[in-house]
Peer 1: 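What follows is a single structure, and I will ask about it in a moment.
Residue numbering restarts at 1 for every chain, and letters A, B, ... go by the order of the sequence lines.
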Amino acid sequence: MSQNSEKFPVWYEHIHTCAQSGARLGRVHTPHGTFMTPAFMPVGTQATVKGMSPEEISGMGAGIMLSNTYHLWMRPGSDIVRDAGGLHKFMNWKGAVLTDSGGFQVFSLAKPKDIVEEGVHFKSHIDGSKQFLTPEKSMEIQKDLGADIIMAFDECTPWPCEYDYAKRSLERTTRWLARCIETHDNTENQALFGIIQGGTFPDLRRQNAKEITSYDLPGFAIGGLSVGEPGELMYEMLDETVPLMPWDKPRYLMGVGTPDYLIEGAIRGIDMFDCVIPTRIGRNGTVLTRKGRLIVRDAKNARDYTPIEDNCDCYVCKNYTRAYIRHLLKADEMFGLRLCSWHNLHFLLKLMEEVREAIAKDRLLDYRNEFFEDFGYKKKV
RNA sequence: GGGAGGAUUCCCGAGCGGCCAAAGGGAACAGACUGUAAAUCUGUCGUUGUUAACUUCGAUGGUUCGAAUCCAUCUCCUCCCA
């Protein structure tokens, strides 16, 4: 049993290291249950994974989901969630919850001059009102929301980005982390994760990884990747960063991703991932398959009476055809959006299950090769 | 029987002498989507040899340098009065 089990409300239990790849098979314990890692976390920005019920999500095997500080702060207000008894009760989700700090959203709403040492000035996307988010405020809101894992308030450095900007940004993010730690007082129930930035610069990544992980926190995340840079560059950054992260704590790669990134991330020692891809592209009529993405909405599926995937055991593939789903999408029926989201979520959760199985059998590299070659995945996944 | 209005590219619909292959919707087709301002956004949407040419705005004929736009006749539709 890890010594972190007594120190933090969320802790990592290591089970096995893949002899072939070095990937980790583990278990993360939280006040709201345990989930196996590497894990994919569905995103439920506004206290709901768009279109899906909590039962459906957990039924697919998800043990943890994301929600968002910024969105719930703006609407309905973090006090309402707090008074409801926290996010878990509010949305009737039995598993673990992780809230993002709001930094990712706020930076997209702010102008460069509105980003100051104290925090970020920005305008609400809902009513245009002027708002100000600081590390302290983010911690207060996340305390109200009551997630098991809360994230430090950081700047997700964009790509491409000048070295100097990435450096200044990361230094500020590091100072903000100290303020988050200072403010965070619900340490018995909520685990604060620090976030490593550094753009696509190896030395900055290494430097920041050391700085951030010097704080005794229950977990760490890698942010600012998968923001448009080439995949190879992201892998390179992971190779620079992950080895510097503590072995006995969960490692979370934020905002990732697509099937190929999930597998490559796991190979490089990542335990947790999240991404809006399955639900977003699902709502927009695209599904993930073993042979790449399929735009179900396209005319070629009009008379295709086969499931999205022949060998898929998800609810959607067992019961509905491409032709039917395409019809629903073309007719703007909400069930079509649900079915696509459903299949995509199942696809990624199942993928992670297979990744974990491959780690247990010391064959994750083989699995990766099979996935890419045998199943026809090329570059675009 | 008399009077009025109208027929526009797949559909609806703007245009009322040149800047019109013809606004804007819709449909259709294709693409994008990576810590969700996303059931969103982008592109194509008469034909071809596509920085251009050709055919098109109910039909035919006419006026004009030039017509979807003006005139005449015809066909069909809608409405009002008998």
Side-chain angles (χ1 to χ4, degrees), chain A residues 40-52 64-72 74-75 97-110 122-129 131 138 142 147 149-159 173 193 195-197 220-231 234 252-262 264-265 270 272-288 293-302 325-326 328-341 344 348 380-381:
Chain A
F40 176 77
M41 307 183 281
V43 179
T45 304
Q46 308 205 70
T48 173
V49 176
K50 294 185 190 295
M52 308 299 297
I64 177 170
M65 61 161 282
L66 245 72
S67 202
N68 196 281
T69 298
Y70 165 72
H71 296 265
L72 297 176
M74 291 293 111
R75 185 169 56 193
V97 177
L98 179 154
T99 44
D100 189 20
S101 68
F104 188 79
Q105 284 67 41
V106 156
F107 276 89
S108 73
L109 295 166
F122 66 97
K123 284 188 177 177
S124 158
H125 78 281
I126 295 169
D127 62 4
S129 60
Q131 304 287 345
S138 176
Q142 294 193 76
I149 298 172
I150 64 177
M151 300 305 297
F153 186 67
D154 71 325
E155 175 178 9
C156 177
T157 327
W159 188 85
T173 289
F193 279 25
I195 304 172
I196 299 162
Q197 292 289 341
F220 295 96
I222 299 173
L225 289 181
S226 191
V227 288
E229 81 282 5
M234 182 182 87
Y252 164 28
L253 177 56
M254 306 184 78
V256 171
T258 48
D260 51 344
Y261 281 15
L262 294 177
E264 296 290 350
I270 298 296
M272 297 159 64
F273 304 87
D274 79 281
C275 193
V276 304
I277 275 279
T279 43
R280 178 179 286 169
I281 69 173
R283 286 196 310 285
N284 294 329
T286 300
V287 291
L288 296 165
R293 291 191 190 188
L294 171 74
I295 302 181
V296 189
R297 213 184 46 221
D298 281 359
K300 65 179 180 185
N301 299 305
I325 298 168
R326 171 182 133 94
L328 294 179
L329 293 170
K330 298 298 284 184
D332 285 328
E333 285 293 341
M334 64 175 98
F335 192 45
L337 313 182
R338 259 170 59 67
L339 291 178
C340 290
S341 299
N344 287 340
L348 292 185
K380 191 68 190 176
V381 182

Peer 1: Describe the nucleic acid contact of A:Asp274 in one word from base, sugar-phosphate, nothing, applying a heavy-atom distance below 4.0 Å.
Peer 2: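 Sugar-phosphate contact only.
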Peer 1: Residues in side-chain contact (heavy atoms from CB on, under 4.5 Å) with A:Leu294, at least two apart?
Peer 2: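 Partners of A:Leu294 under the side-chain contact (heavy atoms from CB on, under 4.5 Å) test: A:Val287, A:Thr289, A:Val296, A:Lys300, A:Asn301, A:Arg322.
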Peer 1: Starting at atom OH of A:Tyr70, determine the distance to atom P of B:rU36, rounded to an integer number of angstrom.
Peer 2: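 Rounding to the nearest Å, OH of A:Tyr70 and P of B:rU36 are 12 Å apart.
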Peer 1: Could you state the atom-to-atom distance from CG of A:Asp332 to C1' of B:rA38 in whole Å?
Peer 2: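 Computing the A:Asp332:CG to B:rA38:C1' distance gives 15 Å.
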Peer 1: Expressed as a whole number of Å, how far does the P atom of B:rU78 sit from that of B:rA30?
Peer 2: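 The same atom, P, in both gives a distance of 38 Å.
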Peer 1: Which listed nucleotide (B:rA39, B:rU34, B:rG35) is nearest to the side chain of A:Leu66?
Peer 2: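 Among the listed nucleotides, the one closest to the side chain of A:Leu66 is B:rG35.
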Peer 1: If we take the C1' atom in both B:rG2 and B:rC70, what is their distance in whole Å?
Peer 2: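 Each nucleotide's C1' atom is 27 Å from the other's.
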Peer 1: Between B:rA14 and B:rG26, how far apart are the C1' atoms? Round to whole Å, please.
Peer 2: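 Comparing C1' positions in B:rG26 and B:rA14 gives a spacing of 15 Å.
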Peer 1: Given B:rG35, B:rC33, B:rU36, identify the nucleotide with an atom nearest to the side chain of A:Gln105.
Peer 2: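 Nearest listed nucleotide: B:rU36.
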Peer 1: Quick one: CD on A:Glu155 to CD on A:Gln197, what's the gap to the nearest 0.5 Å?
Peer 2: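 If we round to the nearest 0.5 Å, A:Glu155:CD and A:Gln197:CD are 7.5 Å apart.
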Peer 1: Could you go through residues 275-285 of chain A and list every donor-acceptor pair under 3.5 Å that involves a side-chain atom there, pairing it with any protein atom two or more places apart or in another chain?
Peer 2:
unit_1   : atom_1 : unit_2   : atom_2 : d
A:Thr279 : OG1    : A:Val276 : O      : 3.1
A:Arg283 : NH1    : A:Thr279 : O      : 3.2
A:Asn284 : ND2    : A:Arg280 : O      : 3.3

Peer 1: Distance check, P atoms only: B:rC81 and B:rA28, in whole angstrom units.
Peer 2: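 41 Å, rounded to whole Å.
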Peer 1: Among A:Leu98, A:Leu72, A:Thr99, find the residue that satisfies the side chain to side chain contact (heavy atoms under 4.5 Å, CB included) test when tested with A:Gln142.
Peer 2: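 Exactly one option meets the side chain to side chain contact (heavy atoms under 4.5 Å, CB included) with A:Gln142, and it is A:Thr99.
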Peer 1: Taking the C1' atom in each of B:rU42 and B:rG46, what is the distance between them to the nearest angstrom?
Peer 2: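 Result for the C1' pair: 23 Å, nearest Å.
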Peer 1: Counting heavy atoms from C-beta on, name the nucleotide in B:rA37, B:rU36, B:rG35 closest to the side chain of A:Gln197.
Peer 2: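 The nucleotide sitting nearest to the side chain is B:rG35.
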Peer 1: In whole angstrom, give me the gap between the C1' atoms of B:rG3 and B:rU8.
Peer 2: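 It comes out at 26 Å once rounded to the nearest Å.
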Peer 1: What form does the base of B:rA30 take, syn (within 90° of 0) or anti?
Peer 2: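 B:rA30: anti glycosidic orientation.
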Peer 1: Looking at A:Phe335 and A:Leu328, what are the two nearest heavy atoms and their distance?
Peer 2: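 Looking at all heavy atoms of both residues, the closest pair is CD2-CD1, 3.7 Å.
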Peer 1: If every non-hydrogen atom of A:Tyr261 is compared with every non-hydrogen atom of A:Val256, which pair is closest and at what distance?
Peer 2: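 Shortest heavy-atom contact: CB-CG1, 3.4 Å.
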Peer 1: What integer number of Å spans the P atoms of B:rC71 and B:rC20?
Peer 2: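 To the nearest whole Å, 23 Å.
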Peer 1: Whole angstroms only, please: what is the CG-C1' distance between A:Leu329 and B:rA38?
Peer 2: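 Nearest whole value for this atom pair: 15 Å.
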Peer 1: Remember a base hit wins even if backbone is also touched, and classify A:Gly224 as base, sugar-phosphate or nothing at under 4.0 Å, heavy atoms.
Peer 2: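 Answer is base: heavy atoms of A:Gly224 come under 4.0 Å of a base.
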Peer 1: Let's test your reading of the model: under 3.5 Å, does the base of B:rG35 pair with the side chain of A:Asn68 as donor and acceptor?
Peer 2: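 Not at all, since no donor on one side and acceptor on the other fall under 3.5 Å apart.
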Peer 1: Would you name the heavy atoms of A:Asp274 and A:Phe40 that are closest together and state the gap between them?
Peer 2: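 Result for this residue pair: C-CE1, 3.9 Å.
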Peer 1: Please figure out whether A:Ser226 or A:Leu337 has its closest RNA chain B nucleotide nearer the 5' end.
Peer 2: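 With A:Leu337 and A:Ser226 compared, the 5'-side residue is A:Ser226.
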Peer 1: Between the base of B:rA38 and the side chain of A:Arg280, is one N or O donor paired with an acceptor at under 3.5 angstrom?
Peer 2: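 In this structure, the two groups form a donor-acceptor pair.
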Peer 1: Using Watson-Crick or G-U wobble geometry with both distances under 3.5 Å, which nucleotide pairs with B:rU40?
Peer 2: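 Across all strands, the one nucleotide that pairs with B:rU40 is B:rA32.
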Peer 1: How many angstroms lie between atom CD of A:Glu264 and atom OG1 of A:Thr258, to the nearest 0.5 angstrom?
Peer 2: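 Going from the CD atom of A:Glu264 to the OG1 atom of A:Thr258 covers 10.0 Å.
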Peer 1: Give the rounded distance in Å between these two atoms: CZ of A:Phe193 and C1' of B:rG35.
Peer 2: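 After rounding, the gap between these two atoms is 13 Å.
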Peer 1: Which nucleotide, if any, forms a Watson-Crick or G-U wobble pair with B:rC79, using both distances under 3.5 Å?
Peer 2: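 B:rG3 - that is the nucleotide pairing with B:rC79, both distances being under 3.5 Å.
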Peer 1: Using the side-chain heavy atoms of A:Met254, tell me which of these nucleotides is nearest: B:rC29, B:rG35, B:rC33.
Peer 2: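 For the A:Met254 side chain, the nearest candidate turns out to be B:rG35.
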Peer 1: Let me know the distance between CG of A:Leu348 and P of B:rC33, rounded to the nearest Å.
Peer 2: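 That distance rounds to 15 Å.
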Peer 1: Could you report the tightest heavy-atom contact between A:Phe122 and A:Ala110, atom names first, then the distance?
Peer 2: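 Nearest heavy atoms, A:Phe122 then A:Ala110: CB-CB, 4.1 Å.
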Peer 1: Check each residue of residues 294-301 of chain A for a non-hydrogen atom within less than 4.0 Å of any atom in RNA chain B, then write out the ones that pass by number, or none.
Peer 2: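 Only A:Ile295, A:Arg297, A:Asp298, A:Ala299 qualify.
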Peer 1: Counting just side-chain N and O atoms, does A:Lys330 come under 4.0 Å of either OP1 or OP2 of B:rA27?
Peer 2: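 So the side-chain polar atoms of A:Lys330 never come under 4.0 Å of the phosphate oxygens OP1 or OP2 of B:rA27.
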Peer 1: From CG of A:Leu253 over to C1' of B:rG35, roughly how many Å is that when rounded to an integer?
Peer 2: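 One finds 9 Å between C1' of B:rG35 and CG of A:Leu253, rounded.
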Peer 1: If we take the C1' atom in both B:rA21 and B:rU55, what is their distance in whole Å?
Peer 2: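 Result for the C1' pair: 10 Å, nearest Å.
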Peer 1: Whole-Å distance between B:rU34 C1' and A:Leu288 CG?
Peer 2: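 My rounded result for the distance is 11 Å.
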Peer 1: Which of these nucleotides, B:rA39, B:rA37, B:rG35, is closest to any side-chain atom of A:Val276?
Peer 2: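 Output: B:rG35.
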Peer 1: Looking at B:rA72, which nucleotide sits across from it as a Watson-Crick or G-U wobble partner, both distances under 3.5 angstrom, or is there none?
Peer 2: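 Looking at the geometry, B:rA72 pairs with B:rU60.
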Peer 1: Paired with B:rC16: which nucleotide, if any, by Watson-Crick or G-U wobble criteria at under 3.5 Å for both distances?
Peer 2: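 Across all strands, not a single nucleotide pairs with B:rC16.
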Peer 1: Quick one: are A:Phe193 and A:Met272 in side-chain contact, heavy atoms under 4.5 Å?
Peer 2: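 Yes; the side chains approach each other to less than 4.5 Å.
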Peer 1: With heavy atoms under 4.0 Å as the rule, sort A:Thr286 into base, sugar-phosphate or nothing.
Peer 2: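 The answer is base, as A:Thr286 lies within the cut-off (heavy atoms under 4.0 Å) of a base atom.
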Peer 1: Rounding to a whole Å, what distance do you find between A:Phe107:CZ and B:rA37:P?
Peer 2: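 A:Phe107 atom CZ is separated from B:rA37 atom P by 14 Å.
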Peer 1: Could you let me know what B:rU47 is paired to, Watson-Crick or G-U wobble, both distances under 3.5 Å, or none if it's on its own?
Peer 2: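 Pair assignment: B:rU47 / B:rA53.
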